[in-house]
Amino acid sequence: MPEFKTLRGMRDILHEDAKMMIYIEDQARKIARLYGYEEIITPVVESYELLAAKAGDEVRSRMFIFKDLGERDVALRPEFTASIARLVATTMRNDPKPFRLFCIGTVYRYDEPQRGRYREIWQSNYELIGPSGPEADAEIIMLTEGLMRKAGLKRFGLKIGHVGVLRGILSQERVGEREQSAIMQLMDKKEYDNALKLVESAGASNRCLDILRQLVECRGTDVKDVVNRIEEIVKTYEKSVIAAENLRETLKLVSESGCKISMTIDAGFARGLEYYTGMIFEVYVPGIDVALGGGGRYDNLVEVFGGEATPAVGVAHGIDRIALAMKTQKTVLRTENEKTVVVVPIKEELRAEALKISRMLRDADVPVEVEVMGRRMAKALEDADRRKANYAIIIGERELSEGAVVVRDLAKRQQSTVKVERIIDLVKS
Ligand code: HAM
């Protein structure tokens, strides 16, 4: 027999790690509810054409692509946004906007596995579709801040930019859409020299190159100051000035909402996905050099899939990376203090009674595991200890004949005989 292992970049997530991932999922769902995002479920496999359309070279080159048995080119989704834009362009096209849509699940990218980088990735994804105003962008940022806080992360910050600043310059210089996207890809990888070479070969002016050089250097944490500097640098490019103003308004709204999040504005910041048209951002924590989340405004994607022009803004958070950050920061999970029980019949004839009592407890919302391995009492209790159960309910003939069982507090190592109808009160107290 061959030794079966998980594929490279794919992981079994067990025990405490699984608990942590589920905890983050719970927080992501809570945030979705608090902000009015409806959870929807979209397919893991979609047509390659749909997923690749605006994914950008980097993500596109890392997609898991295959032919299905009907010879169709399909792929595992590398993100949720394309599927959601498809839905909005088709099934939901006549529904009243805005849409606030939330998805949670796995996406797939053939990335080079390393710390915080996997091939099967858990994302929580939020899209706000319909509004074009900066309050929508502000909402996505605030929601992200809320999730990071709910996850218990202490030091996190945003890197923020605006694709419109860069695209405004390139469009005015008559650099084509395709070249613009290639330039953004290089800027995303911080290959600024190569990006500038491409701008030059696309026929842009020397003044444009000089301005781009200045923009790439323009960053800082004082929103007002950086945006003023950006506006000064791009003042001859009308669309870029409008974009900078939009960034200013968005960040002003975030700050005036009372949301205190540290931000670095970076004028040369670009993201790999090709559909962004406005504000873009990523979330970082110290000590981890990959982003915990990323998103931004994309006003043309629904149209690309045949829908009417529909502005939109969204974000996806990497649950695996949030878990990594929580471990690094030694975050304590704020779980409900739920008591758990194991039920152990002392002999075979009492199995039905064990099932009956366990059912009674579960009906009262107490999690119960029944001893099913037929082990001797000492072994069963040892195992219950290892599983960190709070109580063992031992069912013996003598006690049962008096309508009672033995309840053992596993932490205190104390036990007492308790009437069956009193068990729930005792366990929950
Ligand atoms: P993204 O930045 O490509 O954006 O991915 C979002 C997050 O997924 C990243 O910030 C990261 O936390 C996580 N992630 C991505 N690749 C990996 C990987 N190989 N291993 C672990 N985690 C990873 C999007 O997916 C956009 N759809 C976000 C969006 C929604 N924009 C608008 N709406």
Side-chain angles (χ1 to χ4, degrees), residues 8-11 13 21 24 28 37 42 46 50-51 53-64 76-88 99-129 136-137 139-141 143-144 147-148 151 153 156-161 163 184-185 188-189 269-285 288-302 310-326:
R8 211 164 118 69
M10 306 283 180
R11 297 167 307 150
I13 304 173
M21 297 286 283
I24 302 166
Y37 284 65
T42 61
E46 295 254 24
L50 173 96
L51 296 172
K54 284 283 172 185
D57 286 344
E58 174 65 18
V59 172
R60 202 179 295 127
S61 68
R62 296 184 185 280
M63 277 165 57
F64 284 78
L76 301 184
R77 61 183 178 205
E79 57 144 2
F80 287 103
T81 310
S83 301
I84 296 173
R86 166 187 55 70
L87 249 181
V88 172
F99 304 133
R100 286 187 168 90
L101 301 174
F102 166 66
C103 286
I104 197 157
T106 49
V107 302
Y108 298 83
R109 297 182 191 177
Y110 206 80
D111 276 332
E112 195 46 38
Q114 51 191 283
R115 182 172 181 251
R117 200 179 287 283
Y118 314 105
R119 289 182 177 169
E120 182 175 58
I121 307 147
W122 284 85
Q123 281 190 345
S124 56
N125 185 99
Y126 307 75
E127 310 288 354
L128 175 45
I129 297 172
D137 303 58
E139 175 172 310
I140 289 291
I141 293 175
L143 172 161
T144 296
L147 177 59
M148 297 302 140
L153 292 178
F156 55 88
L158 299 186
K159 175 160 126 179
I160 304 198
V163 177
M184 303 297 231
Q185 296 278 332
D188 176 41
K189 289 192 248 168
F269 172 38
R271 278 175 46 74
L273 293 154
E274 225 170 78
Y275 45 67
Y276 292 113
T277 53
M279 179 278 298
I280 49 169
F281 70 102
E282 283 177 352
V283 191
Y284 287 91
V285 287
I288 298 180
D289 57 3
V290 284
L292 270 51
R297 174 164 286 282
Y298 56 100
D299 287 345
N300 304 330
L301 192 59
V302 175
T310 312
V313 55
V315 62
H317 308 114
I319 295 178
D320 313 81
R321 290 185 184 170
I322 295 176
L324 181 66
M326 286 169 70

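Just so you know, ligand 1 is whichever comes first in the structure, and atom 1 is the first atom listed for that ligand.
A search for side-chain contact (heavy atoms from CB on, under 4.5 Å) contacts involving Tyr110 returns Arg62, Phe64, Arg119, not counting sequence neighbours. Scored by the side-chain hydrogen bond (donor to acceptor under 3.5 Å, both in side chains) test, Glu112 finds Arg8 as partners (sequence neighbours excluded). Take Arg11 and apply the side-chain hydrogen bond (donor to acceptor under 3.5 Å, both in side chains) test, not counting sequence neighbours, and it matches Asp320.
Protein residues with a heavy atom closer than 4.0 Å to ligand 1 are Glu79, Thr81, Arg109, Asp111, Gly116, Arg117, Tyr118, Ile121, Gln123, Asn125, Glu127, Arg271, Leu273, Tyr275, Tyr276, Ala291, Leu292, Gly293, Gly294, Gly295, Gly296, Tyr298, Gly314, Val315, Ala316, Gly318, Arg321, listed by chain and number.
Looking at heavy atoms from C-beta onward, His317 lies out of side-chain contact with Trp122 at the 4.5 angstrom threshold.
Formation of a donor-acceptor pair under 3.5 Å by the Arg77 side chain with backbone atoms of Val107 is not found in this model.
For Glu127 and Arg100, the salt-bridge test fails: no basic side-chain N is under 4.0 Å from an acidic carboxylate O.
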